[in-house]
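Only this structure's heavy atoms are used, side chains among them; waters, hydrogens and symmetry mates stay out. Throughout, a chain's letter reflects where its sequence line sits, starting with A, and its residues are numbered from 1.
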Amino acid sequence: MKPYNPSEVEKKWQNVWEETKIYSPNLDSAKKPFYNLMMFPYPSAEGMHVGNMYAFTGADIYGRFQRMQGYDVFEPIGLDGFGIHSENYAIKVGKHPAEQAKISEENFYRQLRSIGNSYEWTRTIETYKPEYYKWTQWLFIQLFKAGLAYKKKAPVNFCPKDLTVLADEQVIDGKCERCGSVVEKRELEQWFFKITDYAEKLLSNIPELDWSEKVKVAQKNWIGKSEGARIRFVILSEAKDLPASQQGGDSSAMLQNDNSIEVFTTRPDTLFGATFLVISPELAKKWLDVGWKAPTGVGKYIEEALVKRTLIEENTDKTGVFSGIYAINPVNQEKIPIWVANYVLAGYGTGAIMAVPAHDPRDFEFAKKFDLQVKTVILSETKDLPASQQGGDSSAMSQNDKMIEVYVGEGEIINSGDWNGWKTPESISKVIKWLEKKAIGKREVNYHLRDWLISRQRYWGPPIPMIDCPKCGWQPVAEADLPVVLPELEDFKPEGNGKSPLANIDTFINTKCPNCDGPAKRETDVSDTFLDSAWYFFRYACTDIESSAFDRERLKKWLPVNMYIGGAEHSVLHLLYSRFIAMVLADLKFTDFEEPFKRFYAHGLIVKDGAKMSKSRGNVIIPDKYIAKFGADTLRCYLMFLGPFSAGGDFRDTGIEGMNRFLKRVWKLCSAVLSSKYQVSSTENTKELDTAMNKTIKKVTEDIENLRYNTALATLMEYYNVLSEFYTKYKILDTKYCKTFVLLLAPFAPHMTEELYQQLTIDNLQFTNKGKKDSQSFNSIHLESWPSFDEKSLEESEVNIAVSVNGKTRDVIKIEKSKVESQKFVEQLAKESENVKKHLQGKKILKTVYVQGKIINFVID
RNA sequence: GCCGGGAUGGUGGAAUGGUAUACACGCGGGUCUCAAAAACCCGUGGGCUUUAAACCCUUGAGAGUUCGAGUCUCUCUCCCGGCACCA
């Protein structure tokens, strides 16, 4: 056999696989469907880096393993090429995004082919092609029809560099997720999806997901459920200059007709301790707008606070001003002041809070700064607190503030009339019932999750398929008229005027109303890239269907996705959006499942020299040159051997050579075995080989099932060492050991194992191809059955038993397997060991612990 | 601040409460060669500057549970990731 030449072998088999379509399951007739999905790659112009390859290889190994287990594995691939990132790059290199997309697509697909994954190449998707985004637009329309898409003027995140708005999820630490610019708050009219309608379902479904705890917790925190009460405070009638709110239904704490103000709290049990109210500057501004005559200085403060709000929120200094108005605490009728302060958020709850400085650190800090009353109403359960701290009215905190600290924990309610003696938090619901009875407040649940801001003022995305008619209002484009094709624009750059470049194209804008046929105008914004990727896995299974986005029966067969592998950075963005879309489609009776991903596995990150790979650092590794030098198989194995798949690793050139050596040795051994004339089916000493083989099968199988690829490879190396040693010694090795070896290695190094397997089976007729599929022209290793192991062969005739004295190992003795059950025998043998004798000499054995077949421990005084 | 995950040789890492350091990288020595590369062989946690045996120490620090702890419990230090004025 020829020496190992990866580039030759890899090209050869990649072509054969694609021609014979061995990775293309029949989606309608498949008996055991397995949807193996990896996260939609964004086709960056620089090409695929090793981080991508790491993720894809890990996912592919799992898919290949399942295929050899007898599943009809569907492993699709495509490109998420719409979006700001692609558009910005096109602008940078002075190309049109569509032109750049073509170049990137070609390059990315070439690279994807070179890494040797078992992709279904006949069902690719590119989000920027009309045959795909037609259905993205269709999806938008379904949401609109269901009342889940609406356009509204709201304070939104605006990126001054990308010149577009961003969803909450795309703002990290007040900065643009993409470019890192500090995000501004702007009041703009935008399209939203009502993801908040699904907050409860998104949350309550989490326990049934087979996802890592980390990702589940991240989603849980992002949804951020808080249970509590909405409580009404009457405003003192002296404040006659306050106008009542005209329109009802406003969820914010606008003044109600009966001159009251509402707050949300998770601690209604501390209501007796509420010594003042605080409203957000935004809410105060609304009051001003409807005619509130604020005292001098208050209006100025509000304006200033609002300006500061649009900047970065790094300044957490609490500021505020007394509004001049008082409210009545509904439970004790005390007159308490209303303040306007920057530490209250406008977008959460009612935009107003009741401040309980004794039991909330933020309120405490504020009260301390402005010398406001602090009133303890929860008795601390911590026994060693000074008695002075435990209860009583402590308004004079400024005189002795060391004595008073905030207590946020649980305890007994005190100084609270009827509630005294109740234990919190168990009695919170009791408190709420009490409040409801007296019509002071009612139970309320709030979520951190906001509606998904879906519109973008950019060019490179699917136009939002909506038409604004002066008579009929917003109307969806007729489904028969889809897609709304993205016009080819010369000047596609964003202008930053809050409008998409499409707004300059009269021929695009002017259209007819689908309802009344009168003149109307098209929406000119495009949708967020995250919408493209929120449903692509539906379409993969239905790329051959032209009449609809997907076929219900097809989806029933293939979805939810059996295994989804991707980066943890999408824990809240993509995964949450996809779950939302899947739930909506289920509710609209398009599909039969709510959760799109049964199992999600987050892989680790590949770094270079300890730092995240990035263009700006100049440490991005493109796999091409390594593949050219060592082959994709070597690189695949190297990446998987770095460490646990969930942990990622540091990319280093030196390790690759080691892995290349290993594969070369495997090739060499198989070649030698093949060319040796005397292939015997059994030799004198094959017992140890059988044991090693069966052990290896067991371990590798378990490891791959649990995505422990690094230890699977280590086990294979150990197995190689056994085979190699044997062969060196006897110059003979039955090919079955080699066959098993290449079968186990096949998911990791698909090309070389295919070549070796073909050689090993070429004139070996007694070997039947059990896993053989319908119309294959050759018996690919990748369609073979995964080796099974014989439990009996795992048993060795002799076992090693560690002998320890007081827990310290002093010797290891060999015992015949048949004798391990007799403790007496083992004990006696152990005591005969010279070294053990030495340690037992003159000591009294207090106790002997024997763990069968493993260890015997003598406890001495 | 809250939540989640970590810390093991020179390096990446391995270990259902039962022989810590598997597997590999690197390094050292050797074989082959005029020489080098490749390949192959041997060695490789520390005490320990000869070898072998024995002994002692060693899984971030300290305590505890246990016949026995890298693994379980508590306290602490440091690192990584997420959320963060969400009432």
Side-chain angles (χ1 to χ4, degrees), chain A residues 172-173 212-222 224-226 228 263-268 270 274 278 280 313 315-318 341-345 347-356 359-363 365-366 408 446-450 568-569 571-572 602 604-605 637-638 641-644 646-647 649-659 661-662 664-665 668 708 710-721 724 728 800-813 834-835 838-839 845-860:
Chain A
I172 314 289
D173 291 334
S212 72
E213 209 47 40
K214 198 175 169 162
V215 176
K216 287 204 224 181
V217 166
Q219 289 223 351
K220 224 172 170 171
N221 290 343
W222 187 261
K225 184 178 182 175
S226 294
V263 302
F264 172 72
T265 178
T266 54
R267 291 296 300 273
T270 62
V278 189
S280 64
E313 289 178 38
N315 192 353
T316 53
D317 267 3
K318 288 181 175 55
N342 67 343
Y343 80 97
V344 173
L345 299 175
Y348 187 76
T350 63
I353 61 150
M354 65 178 214
V356 186
H359 305 292
D360 182 292
R362 296 155 300 182
D363 296 341
E365 190 192 329
F366 192 77
V408 295
N446 268 304
Y447 298 91
H448 172 187
L449 185 71
R450 310 291 158 80
E569 71 273 19
S571 298
V572 283
L605 206 66
C637 293
Y638 165 69
F641 191 60
L642 271 176
S646 56
D650 203 321
F651 188 89
R652 282 183 200 152
D653 287 18
T654 51
I656 301 173
E657 310 231 13
M659 187 52 76
R661 272 202 289 269
F662 170 65
K664 279 199 279 197
R665 281 199 287 255
K668 224 164 150 180
R708 291 195 296 249
N710 56 330
T711 49
L713 280 164
T715 307
L716 285 167
M717 287 171 177
E718 287 182 70
Y719 179 48
Y720 166 84
N721 291 342
S724 164
T728 313
N800 289 332
I801 291 178
V803 184
S804 56
V805 178
N806 275 355
K808 285 201 161 79
T809 306
R810 297 302 177 188
D811 200 5
V812 178
I813 54 173
E834 285 302 320
N835 204 33
K838 216 167 80 189
H839 284 91
I845 297 173
L846 302 172
K847 192 176 169 187
T848 306
V849 182
Y850 176 56
V851 181
Q852 209 181 86
K854 280 201 171 145
I855 193 164
I856 184 158
N857 186 24
F858 297 108
V859 186
I860 58 172

Legend entry - Side chain proximity check, A:Lys318 to A:Asn342, heavy atoms < 4.5 angstrom: yes
Legend entry - Between B:rU66 (C1') and A:Asn806 (CG): distance, integer Å: 13 Å
Legend entry - For B:rA52, the Watson-Crick or wobble counterpart (both distances under 3.5 Å): none
Inset, instruction - For B:rG45 and B:rG62, measure between their P atoms and round to the nearest Å. - result: 24 Å
Inset, instruction - Tell which nucleotide pairs with B:rU44, taking only Watson-Crick or G-U wobble pairs whose two distances are both under 3.5 angstrom. - result: B:rG26
Inset, instruction - Could you please name the partner base of B:rU16, counting Watson-Crick and G-U wobble pairs only when both distances are under 3.5 Å? - result: none
Legend entry - Counterpart base for B:rU65, defined by Watson-Crick or G-U wobble contacts under 3.5 Å: none
Legend entry - Distance, C1' atom - from B:rU59 to B:rA53, rounded to whole angstrom: 27 Å
Legend entry - Residue pair A:Ile353 / A:Asp363: nearest heavy atoms and the distance that separates them: CD1-OD1, 3.5 Å
Legend entry - Rounded C1' spacing from B:rU8 to B:rA20 in Å: 8 Å
Inset, instruction - Using the P atoms only, state how far B:rU19 lies from B:rG13, rounded to an integer number of Å. - result: 23 Å
Legend entry - A:Thr809 side chain near B:rA20 phosphate (N/O to OP1/OP2, under 4.0 Å): yes
Legend entry - Pair partner, B:rU31 [Watson-Crick or wobble, under 3.5 Å]: B:rA39
Inset, instruction - Among B:rA14, B:rA84, B:rU16, find the nucleotide with the atom closest to the side chain of A:Lys854. - result: B:rU16
Legend entry - Nearest listed nucleotide, side chain of A:Arg810, among B:rC23, B:rA87, B:rC56: B:rC56
Legend entry - Nearest-nucleotide pick for A:Asn710, side chain only, options being B:rA22, B:rA87, B:rG13: B:rG13
Inset, instruction - Report yes if at least one side-chain N or O of A:Asn721 is closer than 4.0 Å to OP1 or OP2 of B:rA22; otherwise report no. - result: no
Inset, instruction - Check whether any side-chain heavy atom of A:Pro644 sits under 4.5 Å from a side-chain heavy atom of A:Asn710, and report yes or no. - result: yes
Inset, instruction - May I ask you to say what A:Glu213 touches in the nucleic acid, namely base, sugar-phosphate or nothing, with a heavy-atom cut-off under 4.0 Å? - result: nothing
Inset, instruction - Kindly say if A:Lys214 contacts the phosphate of B:rG5, meaning a side-chain N or O under 4.0 Å from OP1 or OP2. - result: no
Inset, instruction - From the options B:rG12, B:rC3, B:rA87, select the nucleotide whose nearest atom is closest to the side chain of A:Thr265. - result: B:rA87
Inset, instruction - Return yes if the base of B:rC67 and the side-chain atoms of A:Asn857 contain a donor-acceptor N/O pair under 3.5 Å, otherwise no. - result: yes
Inset, instruction - Would you kindly give the CZ-to-C1' distance between A:Arg450 and B:rC83, to the nearest whole Å? - result: 13 Å
Inset, instruction - Side chain of A:Arg661 only, please: which of B:rU19, B:rA39, B:rC3 is the nearest? - result: B:rA39
Legend entry - Sugar-phosphate only, base, or nothing, as touched by A:Val344 at under 4.0 Å among non-hydrogen atoms: base
Inset, instruction - For nucleotides B:rG30 and B:rU11, find the distance between their C1' atoms and express it as a whole number of Å. - result: 24 Å
Inset, instruction - Report which part of the nucleic acid A:Val217 touches: base, sugar-phosphate, or nothing (heavy-atom distance under 4.0 Å, all strands). - result: sugar-phosphate
Inset, instruction - Look at the side chain of A:Asn835 and decide which nucleotide, out of B:rC55, B:rA87, B:rA22, has an atom nearest to it. - result: B:rC55
Inset, instruction - Could you tell me the separation between the CD1 atom of A:Ile656 and the C1' atom of B:rC25, rounded to a whole number of Å? - result: 12 Å
Inset, instruction - Output the distance between atom CG (A:Asp653) and atom OH (A:Tyr638), rounded to the nearest 0.5 Å. - result: 7.5 Å
Inset, instruction - Would you tell me if any nitrogen or oxygen in the side chain of A:Arg652 comes within less than 4.0 Å of OP1 or OP2 on B:rG13? - result: no
Inset, instruction - Could you check which nucleotide pairs with B:rC2 in any of the strands shown, counting Watson-Crick or G-U wobble with both distances under 3.5 Å? - result: B:rG82
Legend entry - Nearest-neighbour nucleotide for the A:Lys808 side chain, B:rC57, B:rC25, B:rC83 considered: B:rC57
Inset, instruction - Find which nucleotide of RNA chain B each of A:Leu642 and A:Phe858 is nearest to by heavy atoms, and output the residue with the more 5' nucleotide. - result: A:Leu642
Legend entry - Distance-only polar pair, side chains of A:Asn446 and A:Ser226, donor-acceptor under 3.5 Å: no
Inset, instruction - Measure from the side chain of A:Val859, starting at C-beta and using heavy atoms only, and say which of B:rC85, B:rA39, B:rC67 lies closest. - result: B:rC67
Legend entry - Whole-Å gap separating P (B:rA38) and CZ (A:Phe662): 20 Å
Legend entry - A:Tyr850 versus A:Ile855, closest heavy-atom pair with distance: CD1-O, 3.4 Å
Inset, instruction - For A:Gly224, answer base if it contacts any base atom (sugar-phosphate contacts may also be present), sugar-phosphate if it contacts only those atoms, and nothing otherwise; contact means non-hydrogen atoms under 4.0 Å. - result: nothing
Legend entry - B:rA87 OP1/OP2 closer than 4.0 Å to side-chain N/O of A:Tyr343: no
Inset, instruction - Would you kindly compare A:Gly807 and A:Arg665 by the position of their nearest RNA chain B nucleotide and give the one closer to the 5′ end? - result: A:Arg665
Legend entry - Short side-chain N/O contact to B:rC55 OP1/OP2 from A:His839, under 4.0 Å: yes
Legend entry - Closest nucleotide among B:rG18, B:rA24, B:rG13 to the A:Pro644 side chain: B:rG13
Inset, instruction - Looking only at side-chain atoms of A:Lys318, point me to the closest of B:rA87, B:rC83, B:rC85. - result: B:rC85
Legend entry - Integer angstrom distance from the P of B:rG18 to that of B:rG1: 36 Å
Inset, instruction - Determine the interatomic distance between C1' on B:rA14 and the same-named atom on B:rU49; round to the nearest Å. - result: 32 Å
Legend entry - Inter-nucleotide C1' distance (B:rC32, B:rA22), Å rounded: 31 Å
Inset, instruction - Determine the contact category for A:Lys668: base if any of its heavy atoms lies under 4.0 Å from a base atom, sugar-phosphate if only primed atoms, P, OP1 or OP2 are that close, otherwise nothing. - result: sugar-phosphate
Inset, instruction - Can you tell me the pairing partner of B:rA7 across any strand shown, Watson-Crick or G-U wobble, with both distances under 3.5 angstrom? - result: B:rU77
Inset, instruction - For the residue pair A:Trp222 and A:His448, categorise the inter-ring angle as parallel (less than 30°), tilted (30 to 60°) or perpendicular (more than 60°). - result: tilted
Legend entry - Check: A:Asp360 side chain, A:Ala355 main-chain N or O, donor-acceptor pair, under 3.5 Å: no
Inset, instruction - Name the orientation class of the two ring planes belonging to A:Tyr720 and A:Phe662 (parallel below 30°, tilted from 30 to 60°, perpendicular beyond 60°). - result: perpendicular
